[in-house]
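Every chain is numbered from 1 and lettered A, B, ... according to where its sequence line falls, protein lines coming before strand lines.
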2 protein chains.
Amino acid sequence: MNKTDKRDEILRAARELIAEHGFHGAPMALIADRAGVGAGTIYRYFENKDVLIGELHRNLEERLYPDILTGYLPEQTIRERFLHLGTALLHYFITNPLDYRFLQQFYNSPYGVDHRRDKILGIKEGSDVFCTLFSEGTSQQVMKDLPMVVLFGLYFGPLLAVARDHILGFIQLDEELITRTVAACWEGIQK
Amino acid sequence: MNKTDKRDEILRAARELIAEHGFHGAPMALIADRAGVGAGTIYRYFENKDVLIGELHRNLEERLYPDILTGYLPEQTIRERFLHLGTALLHYFITNPLDYRFLQQFYNSPYGVDHRRDKILGIKEGSDVFCTLFSEGTSQQVMKDLPMVVLFGLYFGPLLAVARDHILGFIQLDEELITRTVAACWEGIQK
DNA sequence: ACCTTAGGAATGAACGTTCATTCCGTTTTG
DNA sequence: CAAAACGGAATGAACGTTCATTCCTAAGGT
């Protein structure tokens with residue numbers, strides 16, 4: 001096993017354990033076991049657990065964004081792009097439940113709040129797809145004139161909730177239900 | 001300090017610490033300190049930490065439900081009742097941010113998932129205000145014909161998200177913004 | 001009225017466990 | 001063979017919980 005492999009194994013093991021049992025069901029010793037390395041080896045690749053977790057988050061975004069952006073066409077209407085991102089997001093979480101669970105854990109820990117604070121304060125940079133789409137939507141009057149944060153809530157709130165309930169087995173999301181759910185979100189947000 | 005006072009002090013201290021720092025920032029020793037009792041004393045009132053946390057949840061519901069149900073009139077239209085509950089819920093969380101934070105922590109822990117599972121499987125009992133309102137809404141065709149779980153997501157998802165962002169200081173919810181947010185939820189859910 | 005005493009309530013030091021991190025002997029690599 | 005990488009036992013801090021002890025109150029005896 002070469003250096004990159006080992007690093008990847010550690011990340012994979014950590015992601016799995018955190019997704020399955022939460023941050024506190026993922027001690028370093030277990031991560032090491034599952035990655036097939038010694039406990040000390042982890043510290044050759046990551047300064048400490050916080051850094052490892054931060055890296056997991058970066059790593060996830062690197063897989064999530066390309067995925068939901070394939071087929072995303074800036075020339076489509078705002079509504080079409082809204083529906084695309086929403087369904088793509090749901091699909092991603094359904095096919096990568098571990099990633100969903102990790103994100104859930106992440107945003108409910110001190111790490112996540114800081115991260116979100118930075119992101120929201122940095123909205124003006126507008127580099128984020130969702131920010132761009134939503135500010136376009138409000139300025140073109142096709143979305144309600146509500147603060148960006150509220151629009152985000154109306155969008156991600158329901159999506160994350162149904163994704164959670166699908167993953168927990170409380171509901172079975174199929175193609176039609178996904179479409180109808182995202183459409184309902186749109187109806188809440190559209191002017 | 002008499003017996004009931006002491007029990008209440010322990011509950012208050014636990015609620016505060018969990019709300020402020022999460023479940024894992026609230027060790028029994030700290031709870032005892034803040035309650036002004038010895039560490040062992042807690043175990044005279046609560047069998048263990050799990051029981052204490054469960055009791056906190058029960059206690060919260062006993063304060064939350066009466067609050068949001070004052071002024072709730074079954075003879076009002078479904079839409080009116082929907083708006084009433086939504087705004088009442090947001091008001092409650094804004095004026096009781098510690099309760100919001102506790103609930104957030106609770107539902108993101110194993111305790112919470114089990115609790116929700118029981119609740120969802122027990123929907124048929126229909127004792128819950130929200131369940132009753134929503135099944136009335138779908139059967140009378142004024143709400144979209146979506147599974148109860150999805151409707152819940154479209155309702156609570158945004159509400160909890162904006163409550164969180166208000167409490168974190170990312171946004172300032174005033175009367176008007178609350179009304180408009182709940183109205184937007186309704187537009188997503190109505191047929 | 002005062003002292004004694006019994007028993008439940010309260011205490012906090014101590015215990016066993018778990019965790020992140022470090023340390024050092026061993027193995028692999030160049 | 002020197003240097004880097006590795007493994008996993010060792011370490012110490014933090015946790016929930018326990019329990020031998022102390023404290024408080026109020027009943028009972030004088």
Once you round to the nearest 0.5 Å, how far does CZ of B:F93 lie from CG of B:L89? 4.5 Å

How long is the line joining [atom1] of [X] and [atom2] of [N], in whole Å?
{"X": "B:I18", "N": "D:dG16", "atom1": "CD1", "atom2": "C1'", "result": "14 Å"}
{"X": "A:Y45", "N": "D:dA4", "atom1": "OH", "atom2": "C1'", "result": "11 Å"}
{"X": "A:R7", "N": "D:dC6", "atom1": "CZ", "atom2": "P", "result": "13 Å"}
{"X": "B:R34", "N": "C:dG12", "atom1": "CZ", "atom2": "C1'", "result": "20 Å"}
{"X": "A:R44", "N": "C:dT22", "atom1": "CZ", "atom2": "P", "result": "13 Å"}
{"X": "A:I42", "N": "C:dC23", "atom1": "CD1", "atom2": "P", "result": "17 Å"}
{"X": "A:D5", "N": "D:dC6", "atom1": "CG", "atom2": "P", "result": "11 Å"}
{"X": "B:D33", "N": "D:dG16", "atom1": "CG", "atom2": "C1'", "result": "15 Å"}

Centroid separation under 6.0 Å, is that true for the rings of B:Y92 and B:Y100? no

Pairs touching residues 69-79 of chain A that satisfy side chain to side chain donor-acceptor pair (under 3.5 Å), sequence neighbours left out: A:T77-A:E80

Does CD in B:E47 sit with more than 12 non-hydrogen atoms of other residues, nucleotides or ligands closer than 6.0 Å? no

Looking only at the side chain of B:V37 (C-beta and beyond, no hydrogens), which of the listed nucleotides D:dC15, C:dA10, C:dT11 gets closest? C:dT11

Presence of salt bridge, A:E9 and A:R34, under 4.0 angstrom: no

Polar pairs (N or O, both sides) under 3.5 Å between protein and nucleotides 17-24 of chain D?
{"from": "D:dT17", "atom 1": "OP2", "to": "B:Y43", "atom 2": "OH", "distance (Å)": "2.7"}
{"from": "D:dT17", "atom 1": "OP2", "to": "B:K49", "atom 2": "N", "distance (Å)": "3.1"}
{"from": "D:dT17", "atom 1": "O5'", "to": "B:Y43", "atom 2": "OH", "distance (Å)": "3.4"}

Plane angle bin for B:H57 and B:Y107 - parallel if under 30°, tilted between 30 and 60°, otherwise perpendicular: perpendicular

